[in-house]
Amino acid sequence: MTTTRGWHDEVTLEIAAEPEQLWELIADVTRMGEWSPVCRRCEWTDGSTRADVGARFIGHSREGPARWSRPCEVTVSDPGREFSFRTFFKGRESTRWHYRLEPTATGTRVVESYEVVAMPWFVQLLHRLPGMHAKRRRDGVRSMTHTLQRLRAEAERSH
């Protein structure tokens, strides 16, 4: 694994729902496949059944022909405010994901962000191809935007 520096992005979306309602949706990782165009499903592991700090789950993802699964660990679980977790690749921290919830006059500002901590050498090589790094970042922002739009549709429908 190669350590990376400075690879992070975030997307913000206003949602007409209470922060606590949104946190419940986000922190139920078994529903992440409903929101994300990349993550297909998540399942709790190691006896975990809810989003407590230290709880573990496996995320199963697919993008085009590529499929992968990553063990994950909840790092922040602050109802109505923040939910964060980190992914692992071969036992090492790989990516940190954060969802921050900020109350507004009309609902909640949701900020989804990620930070790549380290990546496998073969992925690092792919990112050296001309334009690939910029494309992956654009795809990441598009995917987060899509995730938050689906979350908004669900939250506002049931609000």
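Numbers here simply count residues along the sequence, with the first being 1. Hydrogens, waters and symmetry mates play no part in the numbers below; they use all other heavy atoms, side chains included. On a predicted model such as this, the values are computed, not experimentally measured, just so you know.
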Between R56 and W44, what is the shortest heavy-atom contact and its length? O-CE3, 3.3 Å
I'd like to know whether H146 forms a side chain to side chain donor-acceptor pair (under 3.5 Å) with R150, so could you lay out the CA-CA distance, the side-chain angles of the two residues, the decisive distance to 0.1 Å, and finally the verdict. CA-CA 6 Å; H146 189 85; R150 283 183 170 175; 2.9 Å; yes
So Y114 and W97, would you call those rings parallel, tilted or perpendicular, with 30° and 60° as cut-offs? tilted
Name all residues meeting the salt bridge (Lys or Arg N to Asp or Glu O under 4.0 Å) criterion together with E14; count only those two or more places apart in sequence or in a different chain, and write none if there are none. none
Is it the case that the side chain of S77 and the backbone of A51 share a donor-acceptor pair, with hydrogens and angles ignored and the cut-off at 3.5 Å? yes
Distance-minimising heavy-atom pair for G80 and L101: O-CB, 3.6 Å
Side-chain (R67) to main-chain (G64) donor-acceptor, under 3.5 angstrom: no
Can you name the residues that form a side-chain contact (heavy atoms from CB on, under 4.5 Å) with E20, not counting sequence neighbours? E18
For E82, all residues meeting salt bridge (Lys or Arg N to Asp or Glu O under 4.0 Å), sequence neighbours excluded: none
Is it true that a side-chain atom of T106 and a backbone atom of A16 form a donor plus acceptor pair closer than 3.5 Å? no
Quick one: OG1 on T147 to CZ on R152, what's the gap to the nearest 0.5 Å? 12.5 Å
Taking side chain to side chain donor-acceptor pair (under 3.5 Å) as the test, write out the residues that go with E10, two or more places apart. none
Indicate yes or no: at least one non-hydrogen side-chain atom of T145 is less than 4.5 angstrom from one of Q149. yes
Over all atoms of both residues, closest heavy-atom pair of L22 and V110: CD1-CG2, 3.8 Å
Set of side chain to side chain donor-acceptor pair (under 3.5 Å) partners for S69, sequence neighbours left out: H60
Who passes ring pair (Phe, Tyr, Trp, His ring centres under 6.0 Å) against W68, sequence neighbours left out? none
Same apolar cluster (I L V M F W Y, side chains within < 4.5 Å links), L13/L25: yes
Please identify each residue that fulfils side-chain contact (heavy atoms from CB on, under 4.5 Å) with C39, with sequence neighbours left out. M32, S36, C42, S61
Give a yes or no on whether the backbone of S84 and the side-chain of T75 come within a donor-acceptor separation of less than 3.5 Å. yes
Can you list the residues that meet the ring pair (Phe, Tyr, Trp, His ring centres under 6.0 Å) rule with Y99, with sequence neighbours excluded? none
I'd like to know if the side chain of T30 reaches the main chain of E43, judged simply by a donor and an acceptor atom lying under 3.5 Å from each other, with no hydrogens or angles considered. no
List the residues meeting salt bridge (Lys or Arg N to Asp or Glu O under 4.0 Å) with R81, not counting sequence neighbours, and say none if there are none. none
Between atom CD of E154 and atom CD of Q21, what is the distance when rounded to the nearest 0.5 Å? 8.5 Å
Any residue meeting salt bridge (Lys or Arg N to Asp or Glu O under 4.0 Å) with D9, in chain and number order, not counting sequence neighbours: R137
Partner set under side-chain contact (heavy atoms from CB on, under 4.5 Å) for R96, not counting sequence neighbours: R86, E93, H98, E115, V117
Nearest heavy-atom approach of F57 to V74 is CE2-CG2, 4.1 Å
Per the ring pair (Phe, Tyr, Trp, His ring centres under 6.0 Å) rule, what does the pair list look like for residues 18-38, sequence neighbours excluded? none
Would you find a donor on one side and an acceptor on the other, under 3.5 Å apart, between the side chain of E112 and the backbone of V11? no
Work out which heavy atom in C72 is nearest to a heavy atom in F85; give both atom names and the distance. CB-CD1, 4.1 Å
Is a side-chain N or O of T108 found less than 3.5 angstrom from the main chain of A17, in a donor-acceptor match? yes
